[in-house]
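For reference, the structure discussed in these notes is given below.
As the structure is a computational prediction, the values presented were derived from the model and not from experiment. Chain identifiers are assigned alphabetically (A, B, ...) following the order of the sequence lines, protein sequences preceding nucleic acid strands; residue numbering begins at 1 within each chain.
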Protein chains: 2
Amino acid sequence: MQTISIGELAELSGVASQAIRYYEKEKLMPAPQRTDANYRRYPVDAVARLQFIVHAKQWGFTLDEIRELLILQDANGDRAQAKRIAEEKLHKIREQIKHLSRVEAVLSRTLIECTGEGPMQEGCPIVEAIADKADERERNH
Amino acid sequence: MQTISIGELAELSGVASQAIRYYEKEKLMPAPQRTDANYRRYPVDAVARLQFIVHAKQWGFTLDEIRELLILQDANGDRAQAKRIAEEKLHKIREQIKHLSRVEAVLSRTLIECTGEGPMQEGCPIVEAIADKADERERNH
DNA sequence: CTTGACCTTAAAGTTGGCTTAAAGGTTATC
DNA sequence: GATAACCTTTAAGCCAACTTTAAGGTCAAG
């Protein structure tokens, strides 16, 4: 079986060598074989595993969540658990979208009102929108 | 003029004393008067300023951005600058919403497909959605 | 006059996800 | 055989926005 060095793996995956060692410490990457000189040698499919990590990060999964998913894969575990993790993530994402959408709505409305003229004192709509009973519009979080 | 201690201010604003000292160090709160024993004494409207900070944080503004807004208010500065700060923030918020919406779309579609039955190996839709060319669907960020 | 609740400062710790540095061992090339 | 480009480990640093700890000084109550 062909193996590659950590530098080659870094090159192929686009993940820095030190980050790869960090993932090993954090149990996202399994500890690979070593040469006589104690150098890491990775199987080629380590590239796919790293890319899975990179992609999951782009999707907004944390390393903790990614580790959970990887453990399920490694253990050939129950798909229902993977579904649960994804459902929790989906819920969190929807909450974030809700929150941001409310902020977006008020902020864009405020910016339409705001001519951007005159001094700040007495009635800059932006400042007032923030200062004014923000908790009525924004109760969660 | 009536003044209050840092503990009273913390009580009234819901912001911990140490956080208030931190805001002072970070130039979000002005350094208040001191008693002979070197205790801080705040004017009552310090409560409103702290609440402005709290609200702005709830809106997703960072302390750096809040400092900018406060400086404008303190200097009675140009409203156009406040508008620019808010516009930049709005842009960032819209980018975040876009990103999250794409993730939400794929993840919810995936979860509908996924029965949650069977083992992980060969074709768990969740794992495949993450592993599969995630960068084609998700180019930004 | 002592207990305890408050206040002071500076410094270190927290979280997440790394990066950078320090101090060294190995391997490939000239 | 020397130089450079790898590799190794551990430890420290970074970001934001604090919190916690340490080691004190002050003040009101009993």
Side-chain angles (χ1 to χ4, degrees), chain A residues 3-42 46 49-70 88-89 92-93 96 141, chain B residues 3-43 46 49-70 85 88-89 92-93 96 141:
Chain A
T3 63
I4 57 179
S5 71
I6 195 167
E8 287 162 338
L9 180 56
E11 193 68 25
L12 287 167
S13 64
V15 175
S17 306
Q18 277 295 21
I20 297 171
R21 295 194 190 98
Y22 173 73
Y23 290 155
E24 182 179 327
K25 195 160 63 90
E26 294 295 311
K27 313 268 187 205
L28 286 129
M29 293 297 287
Q33 288 182 323
R34 301 288 184 127
T35 65
D36 292 352
N38 203 29
Y39 283 21
R40 289 172 177 83
R41 296 304 302 188
Y42 290 93
R49 193 181 177 96
L50 269 173
Q51 276 166 357
F52 177 87
I53 295 170
V54 169
H55 291 330
K57 266 165 45 66
Q58 287 171 354
W59 285 102
F61 287 90
T62 65
L63 294 194
D64 280 357
E65 290 165 334
I66 297 168
R67 188 190 303 102
E68 282 193 85
L69 288 171
L70 287 166
E88 278 171 20
K89 192 70 196 175
K92 284 182 213 158
I93 286 165
Q96 286 182 61
H141 185 64
Chain B
T3 63
I4 56 179
S5 71
I6 195 167
E8 287 161 338
L9 180 56
E11 194 67 24
L12 288 167
S13 64
V15 175
S17 304
Q18 276 294 20
I20 296 171
R21 295 195 190 97
Y22 174 73
Y23 290 156
E24 181 178 327
K25 197 161 61 90
E26 293 295 313
K27 315 268 186 205
L28 285 127
M29 294 297 287
Q33 287 184 323
R34 299 291 183 122
T35 66
D36 292 352
N38 202 29
Y39 283 21
R40 289 172 177 82
R41 297 302 304 186
Y42 290 93
R49 194 183 177 93
L50 268 174
Q51 277 166 356
F52 178 86
I53 294 171
V54 169
H55 291 331
K57 266 166 47 67
Q58 286 171 356
W59 285 102
F61 287 89
T62 64
L63 294 195
D64 281 355
E65 291 165 334
I66 297 168
R67 189 190 301 105
E68 283 193 85
L69 287 171
L70 286 168
I85 293 169
E88 278 171 19
K89 193 67 196 177
K92 283 183 211 158
I93 287 165
Q96 285 182 61
H141 186 69

Which nucleotide sits closest to the side chain of [X]: [options]?
| X | options | result |
| --- | --- | --- |
| Gln18(B) | dT9(D), dC18(D), dT19(D) | dT19(D) |
| Ala37(A) | dA17(D), dT26(C), dT8(D) | dT26(C) |
| Arg34(A) | dT8(D), dT9(C), dT8(C) | dT8(D) |
| Lys57(B) | dC7(C), dA17(D), dC18(C) | dA17(D) |
| Ala16(A) | dT19(C), dG17(C), dT8(C) | dT19(C) |
| Ala19(A) | dC7(C), dC7(D), dT19(C) | dT19(C) |

Within this structure, what is the [atom1]-to-[atom2] distance between [X] and [N], rounded to whole angstrom?
| X | N | atom1 | atom2 | value |
| --- | --- | --- | --- | --- |
| Lys25(B) | dA11(C) | NZ | P | 10 Å |
| Leu28(A) | dG17(C) | CG | P | 9 Å |
| Leu9(A) | dC7(D) | CG | P | 10 Å |
| Arg67(B) | dA17(D) | CZ | P | 9 Å |
| Ile66(A) | dG16(C) | CD1 | C1' | 12 Å |

Phosphate-side-chain proximity, [X] and [N], N/O vs OP1/OP2 below 4.0 Å:
| X | N | answer |
| --- | --- | --- |
| Arg40(A) | dT9(D) | yes |
| Ser5(B) | dC7(C) | yes |
| Tyr39(A) | dG25(C) | no |
| Tyr23(B) | dC18(D) | yes |

| message | Using a strict threshold of under 4.0 Å (side-chain N to carboxylate O), is an ion pair present between Glu68(B) and Lys89(B)? | response | no

| query | At their closest point, which heavy atom of Gly60(B) faces which heavy atom of Glu65(B), and how far apart are they? | reply |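 Heavy atoms only, the tightest pair is O-OE1, 4.1 Å.
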
| task | Might you point out which heavy atoms bring Thr3(B) and Gln33(B) nearest each other, and give the distance in Å? | result |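 Closest approach of Thr3(B) to Gln33(B), heavy atoms only: CG2-OE1, 4.4 Å.
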
| message | What contact category does Thr35(A) fall into here, base, sugar-phosphate, or nothing, at under 4.0 angstrom with non-hydrogen atoms? | response |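 No contact.
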
